Amino acid sequence: MWSIGELAERAGVTVKTVRFYSDGGLLPEGRRSAGGHRRYGPEALDRLRLIRSLRTLDVPVTDVNRILDREDALEDVVADRLREVGSHLAALRWREAALRLIQDCAPHERAERLRLVGAVSSPPSTAALARFWRCWLPPRLPARVLSAVLERSVPQPPDDPSPAQVLAFARLHAFVTGDCFDGTGCQPVVHRPDTGYRPAVLYDGLVEAFALAAPHLTAHRPPHEGEALDCFVDAHARASGAKDTPAFRRGLGRMLATEPRIDRYWQLTAELTGPSRPTAGACHDWLHTALDDRSARSAA
């Protein structure tokens with residue numbers, strides 16, 4: 001049996017540390033000496049070394065207590081700590097890229113860029129982008145369809161961004177938090193209830209059509225007929241209760257040519273995500289061009 005000082009010396013900690021863990025119930029005492037002094041056995045040394053190792057890894061005392069009580073809690077605690085450390089690292093990498101952006105820009109650009117990056121949290125949140133889409137999309141979309149649209153439309157910030165990506169995200173954040181679309185004047189025709197369109201059917205089909213078109217854009221193939229275009233037209237036809245005919249395709253092309261566009265959003269998204277993940281806007285444009293080309297050949 002060791003005294004508190006002997007235990008502290010063997011474990012490489014201070015007496016104050018041993019007393020703190022003892023008083024907190026993490027380190028059980030053995031029997032007390034005749035003079036009432038604390039005494040500890042070998043199992044206390046093993047436990048104290050484990051506590052010290054966990055605390056070195058910044059595991060909170062409450063979680064240390066969980067691990068001591070239940071050995072199977074270690075895996076959950078480590079996973080939680082890894083997520084927290086990952087978040088801290090992502091914040092630091094984002095902050096470093098933002099600082100380099102400010103450092104490398106021309107003096108006359110610094111005020112604007114400071115304003116842009118200062119409005120974005122670190123690591124950045126996509127909540128404002130999701131709110132933008134919930135505002136712009138028609139109301140009462142089924143949860144499954146809304147989730148699929150948001151997944152394809154809201155870009156995730158990279159874990160290790162370049163200064164250019166920080167700038168793109170900051171500009172994207174400024175775009176969606178600035179003057180938003182207000183009312184039906186800036187909404188596509190298919191969002192208006194008086195048109196007879198069924199937006200849930202439309203967006204369900206568009207998600208599939210964009211997924212089919214994306215590999216063609218990644219491979220730099222020019223717009224052409226095929227499964228992706230047929231799926232795109234079919235989504236519009238089913239949503240409007242019409243049949244896919246040459247006349248319908250010509251009318252669809254004319255309608256799409258006059259729809260409100262958010263090109264700036266898709267441009268900034270492309271700068272953020274890179275060419276390996278075509279944006280929904282790029283897929284839409286590819287399919288629209290393929291539709292116009294097909295209609296032009298039919299009319300010739």
Side-chain angles (χ1 to χ4, degrees), residues 1-103 117-131 147 150-151 154-163 165-166 169-170 172-173 272-273 277:
M1 303 295 288
W2 299 308
S3 69
I4 191 170
E6 290 169 335
L7 177 63
E9 183 178 0
R10 286 175 179 271
V13 299
T14 64
V15 170
K16 183 179 179 181
T17 297
V18 177
R19 186 174 290 114
F20 173 78
Y21 292 138
S22 292
D23 293 344
L26 274 69
L27 196 61
E29 302 173 16
R31 59 178 176 81
R32 292 232 172 188
S33 68
H37 299 294
R38 306 182 196 203
R39 307 290 289 178
Y40 300 90
E43 70 281 355
L45 178 60
D46 292 338
R47 196 175 179 94
L48 184 54
R49 284 173 172 164
L50 174 59
I51 294 170
R52 184 185 180 191
S53 297
L54 293 169
R55 293 294 294 140
T56 300
L57 295 172
D58 276 341
V59 176
V61 172
T62 52
D63 286 336
V64 171
N65 204 14
R66 284 174 54 202
I67 294 168
L68 295 175
D69 288 343
R70 289 177 39 241
E71 189 175 339
D72 61 352
L74 176 62
E75 187 173 343
D76 290 339
V77 170
V78 169
D80 289 342
R81 292 300 299 159
L82 281 173
R83 281 191 290 271
E84 186 176 341
V85 169
S87 179
H88 286 322
L89 288 174
L92 289 173
R93 285 192 289 263
W94 192 269
R95 201 169 301 152
E96 179 187 23
L99 289 169
R100 294 194 184 282
L101 174 68
I102 303 303
Q103 181 184 53
V117 300
V120 177
S121 61
S122 182
S125 168
T126 58
L129 279 64
R131 283 195 301 271
S147 177
L150 292 179
E151 182 179 356
V154 176
Q156 295 303 310
D159 291 331
D160 191 7
S162 67
Q165 288 174 312
V166 168
F169 187 88
L172 191 59
H173 182 273
L272 180 66
T273 59
R277 182 179 167 82

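Fair warning: this is a prediction, and the values are worked out from it, not measured in the lab. What's counted below: heavy atoms across the whole structure, side chains too, no hydrogens, waters or symmetry copies.
How far CD1 of Ile67 is from OG1 of Thr62: 9.5 Å, rounded to the nearest 0.5 Å. Taking OG1 from Thr14 and CZ from Arg19, the interatomic distance works out to 9.0 Å, rounded to the nearest 0.5 Å. In this structure, the separation between OG1 on Thr126 and CG on Leu172 is 10.5 Å, given to the nearest 0.5 Å. To the nearest 0.5 angstrom, Ser53 atom OG is 9.5 Å from Leu48 atom CG. For the atom pair CG of Leu57 and CZ of Arg52, the computed distance is 12.0 Å after rounding to the nearest 0.5 Å. Expressed to the nearest 0.5 Å, how far CG of Leu54 lies from CG of Leu74 amounts to 7.0 Å.
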*Chi angles and distances behind the side-chain contact (heavy atoms from CB on, under 4.5 Å) call for Tyr21, Val64*: CA-CA 11 Å; Tyr21 292 138; Val64 171; over 6 Å; no
*Under the side-chain contact (heavy atoms from CB on, under 4.5 Å) rule, what do Asp76 and Arg66 come out as? Steps first, then yes or no, please.*
CA-CA 10 Å; Asp76 290 339; Arg66 284 174 54 202; 4.1 Å; yes
*Output, in order, the C-alpha distance, side-chain angles, deciding distance and verdict of side-chain contact (heavy atoms from CB on, under 4.5 Å) for Leu68 and Ile51.*
CA-CA 8 Å; Leu68 295 175; Ile51 294 170; 3.9 Å; yes
*asked:* For a side-chain contact (heavy atoms from CB on, under 4.5 Å) check, start with the C-alpha distance between Gln156 and Leu272, then their side-chain angles and the critical distance, and finish with the verdict.
replied: CA-CA 9 Å; Gln156 295 303 310; Leu272 180 66; over 6 Å; no
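Note on Asp80 versus Arg83: salt bridge recorded, some NZ/NE/NH1/NH2 to OD/OE distance being below 4.0 Å. The existence of a salt bridge linking Arg93 and Glu96 is excluded, since no basic side-chain nitrogen approaches an acidic carboxylate oxygen closer than 4.0 Å.
Closest approach of Leu129 and Pro155 over heavy atoms only: CD2-CD, 3.5 Å. Taking both residues in full, the closest heavy atoms of Pro60 and Arg81 are given as CD-CD, 4.2 Å, listed atom of the first, atom of the second, then distance. Nearest heavy atoms, Ser125 versus Ala127: OG-N, 3.1 Å. Minimum interatomic distance between Trp2 and Gly41 (heavy atoms only, all atoms of both residues): CZ3-O, 3.7 Å. Contact between Ser22 and Tyr40 at its shortest, heavy atoms only, is OG-OH, 2.7 Å.
For the pair Phe169/Pro161, no side-chain contact is recorded, criterion being any heavy-atom separation below 4.5 Å from C-beta on. Within the 4.5 Å cutoff, the side chain of Val15 has no heavy atoms near those of the Glu9 side chain. Residues Leu7 and Leu27 meet the side-chain proximity criterion, which asks for heavy atoms closer than 4.5 Å.
The backbone N or O of Glu6 sits less than 3.5 Å from a side-chain atom of Ser3, completing a donor-acceptor pair. Under a 3.5 Å cut-off, the side chain of Arg10 and the backbone N or O of Leu45 do not form any donor-acceptor pair.
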